[in-house]
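Both ligands and their constituent atoms are indexed starting at 1 by order of listing.
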Amino acid sequence: AKAEGSNNIRFFDENMDLAARERNALAMDLRSALIRQEFELFYQKQNDTHSGEIVGFEVLLRWKHPERGYVSPVEFIPIAERSGLIVELGSWVLREACREAASWRRPLRIAVNVAPKQLATFALPAQVRSILQETGLDPHRLELEITESGIIEDQQHALNIIRQLKAIGVKIAMDDYGTGYSSLSTLQLFPFDKIKIDRAFIDGVTENRQSAAIVRSTIILAQSLDIPVLAEGVERLEHLHFLREEGCGQVQGYFYGRPEPVEMLQDIVNPPDLI
Ligand code: C2E
Ligand code: CA
Ligand code: CA
Ligand code: CA
């Protein structure tokens with residue numbers, strides 16, 4: 001596909017391969033997308049494994065490109081990360097999500113992804129504090145999902161930022177557990193409030209002995225550290241049964257629901273019988 005978009009100036013180069021040109025085009029479009037309000041937030045349920053009750057939502061960013069339609073975050077987040085735009089984009093996500101959640105009748109929790117670049121600055125705690133103040137959201141209803149790649153570069157800095165965030169009352173989850181370089185030593189060093197097992201391990205949990213063993217031992221580890229554990233990518237009843245059996249407290253995945261616009265979730269966040 002040819003990379004066409006707005007009238008932005010593009011830095012095309014004869015020698016650039018198609019993939020690089022695509023990325024370049026997307027990077028240009030990303031910049032204007034914020035101004036044109038092409039971003040949307042989707043919400044995916046997180047459920048208690050035993051009762052099935054909804055405990056909160058993960059907030060997932062969507063880009064509705066004028067010509068391409070929905071572009072996956074898997075495609076544009078790395079580009080935004082590289083160009084530095086993720087810092088601005090990330091603060092937009094945070095503000096929008098907090099504003100939205102603060103308007104709900106039910107005080108459900110929201111989990112927002114925080115990119116490594118956002119964590120790398122000193123600005124995050126002050127920014128979170130001011131967004132909470134501005135929106136009126138109870139800090140305990142906000143959870144920030146942080147990946148290991150966000151903290152390995154400067155561990156001391158990351159630890160400092162995480163402590164400040166926790167002092168505000170915000171919860172910190174370790175995202176994509178098991179996919180990093182040294183998940184165990186990261187766990188030892190950082191005061192996480194939750195561990196999210198990556199869906200790469202849930203996928204084969206009922207057929208693959210290795211996946212099952214990894215998930216099982218992660219749950220045991222989390223339990224002995226007294227940290228709640230959530231498994232993502234739960235698509236089938238067998239996944240749920242396995243996780244329930246092994247003592248995993250929370251799940252997230254297509255089994256309970258795909259990420260959706262909040263308009264589709266009104267019965268949950270604003271139930272008519274709750275005034
Ligand atoms: P993630 O943080 O690991 O988020 C979970 C991803 O798994 C989401 O993909 C979600 O739609 C998908 N998922 C959930 N349940 C299932 C399931 O049962 N089966 C399958 N096959 N997939 C499932 P999504 O929305 O495409 O997001 C991809 C990644 O993009 C996220 O992975 C996260 O790393 C990043 N991302 C999304 N929104 C944001 C954001 O606002 N900020 C930052 N920094 N990153 C974001
Ligand atoms: Ca996440
Ligand atoms: Ca993941
Ligand atoms: Ca991730």
Side-chain angles (χ1 to χ4, degrees), residues 26 30 33-34 38-47 49 56-64 69-98 100-101 109-121 124 127-128 131 142-151 171-180 183 192-206 211 214-215 218 229-240 242-243 250-262:
L26 277 181
L30 265 176
L34 247 182
E38 291 168 9
F39 292 106
E40 295 171 17
L41 297 183
F42 277 29
Y43 295 78
Q44 187 179 30
K45 290 173 224 169
Q46 298 181 327
N47 300 68
T49 310
F57 297 93
E58 179 174 1
V59 179
L60 293 155
L61 186 58
R62 294 290 180 266
W63 179 15
K64 203 174 177 184
Y70 281 106
V71 182
S72 166
V74 177
E75 222 177 311
F76 73 80
I77 292 282
I79 297 172
E81 178 88 35
R82 230 171 298 143
S83 73
L85 190 75
I86 193 69
V87 175
E88 219 179 313
L89 191 52
S91 75
W92 180 85
V93 171
L94 206 51
R95 182 171 286 105
E96 281 302 303
C98 289
E100 176 57 43
R109 193 189 57 224
I110 50 164
V112 177
N113 291 285
V114 172
K117 274 237 171 79
Q118 287 177 273
L119 204 66
T121 69
L124 193 62
Q127 186 183 67
V128 167
I131 288 174
L142 177 63
E143 187 169 86
L144 300 179
E145 299 194 353
I146 293 169
T147 59
E148 203 183 333
S149 53
I151 55 189
K171 303 232 179 312
I172 308 292
M174 183 179 184
D175 205 359
D176 296 343
Y177 183 85
T179 65
S183 299
F192 290 109
D193 300 294
K194 179 181 284 180
I195 295 171
K196 289 191 79 174
I197 305 176
D198 192 67
R199 69 182 158 90
F201 302 106
I202 307 305
D203 213 18
V205 95
T206 48
S211 297
I214 290 166
V215 171
T218 303
V229 60
L230 179 148
E232 71 176 19
V234 175
E235 294 185 354
R236 302 201 306 270
L237 189 60
E238 303 92 86
H239 295 159
L240 183 65
F242 176 90
L243 293 160
Q250 292 168 25
V251 288
Q252 177 185 339
Y254 294 174
F255 179 79
Y256 278 113
R258 291 184 179 246
E260 303 175 273
V262 73

Quick one: look at [X] and ligand 1, take heavy-atom pairs under 4.0 Å, and tell me if it's side chain, backbone, both or neither.
X	result
T147	neither
L89	neither
P259	side chain
E232	side chain
L61	both
I77	side chain

Would you say Q252 and ligand 1 have an N/O pair spaced under 3.5 Å apart?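 Not met; the criterion fails.
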Can you find an N or O of S72 that's nearer than 3.5 Å to an N or O of ligand 1?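 S72 vs ligand 1: no N/O contact under 3.5 Å.
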Atoms in ligand 1 with a heavy atom of [X] nearer than 4.0 Å:
X	result
V74	28 (C)
D176	3 (O)
A115	44 (N)
G253	15 (N), 18 (O)
D175	2 (O)
G233	16 (C), 17 (C), 18 (O)
Q44	14 (C), 15 (N)

Strictly under 4.0 Å, does any heavy atom of G90 approach an atom of ligand 1?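 Flag not set, G90 not near ligand 1.
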Does the structure place the NZ or CZ of R62 under 6.0 Å from the centre of the six-membered ring of Y70, at an angle of no more than 45° from the ring's axis?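 Judged by the rule, R62 and Y70 form no cation-pi pair.
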What is the name of the N/O/S atom of D198 that is nearest to the Ca ion (ligand 3)?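 When I compare the N, O and S atoms of D198, OD1 is nearest to the Ca ion (ligand 3).
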Atom of D176 closest to the Ca ion (ligand 3), considering N, O or S atoms: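 Looking only at N, O and S atoms of D176, the one nearest the Ca ion (ligand 3) is named OD1.
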May I ask which of R258, E235, R62, E145 has a heavy atom nearer to atom 21 (N) of ligand 1 than the others do?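 Selected option, by shortest heavy-atom distance: E235.
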Before you tell me yes or no, could you show the steps for F192 and D175 under side chain to side chain contact (heavy atoms under 4.5 Å, CB included), namely the whole-Å CA-CA distance, both residues' side-chain angles and the distance that decides it to 0.1 Å? CA-CA 10 Å; F192 290 109; D175 205 359; over 6 Å; no
Considering only heavy atoms from C-beta outward, does the side chain of D203 approach that of S211 to under 4.5 Å?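 Side-chain contact under 4.5 Å: no.
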What is the minimum heavy-atom distance between A97 and L41, and which atoms define it?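 Minimum heavy-atom separation between A97 and L41: N-CD1, 3.7 Å.
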Near the Ca ion (ligand 3), is there an N/O/S atom from E232 that is less than 3.0 Å away?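 Coordinating: yes.
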Judged by atom type as modelled, is there a donor-acceptor pair below 3.5 Å linking the side chain of E148 to the main-chain atoms of Y177?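 A pair under 3.5 Å: no.
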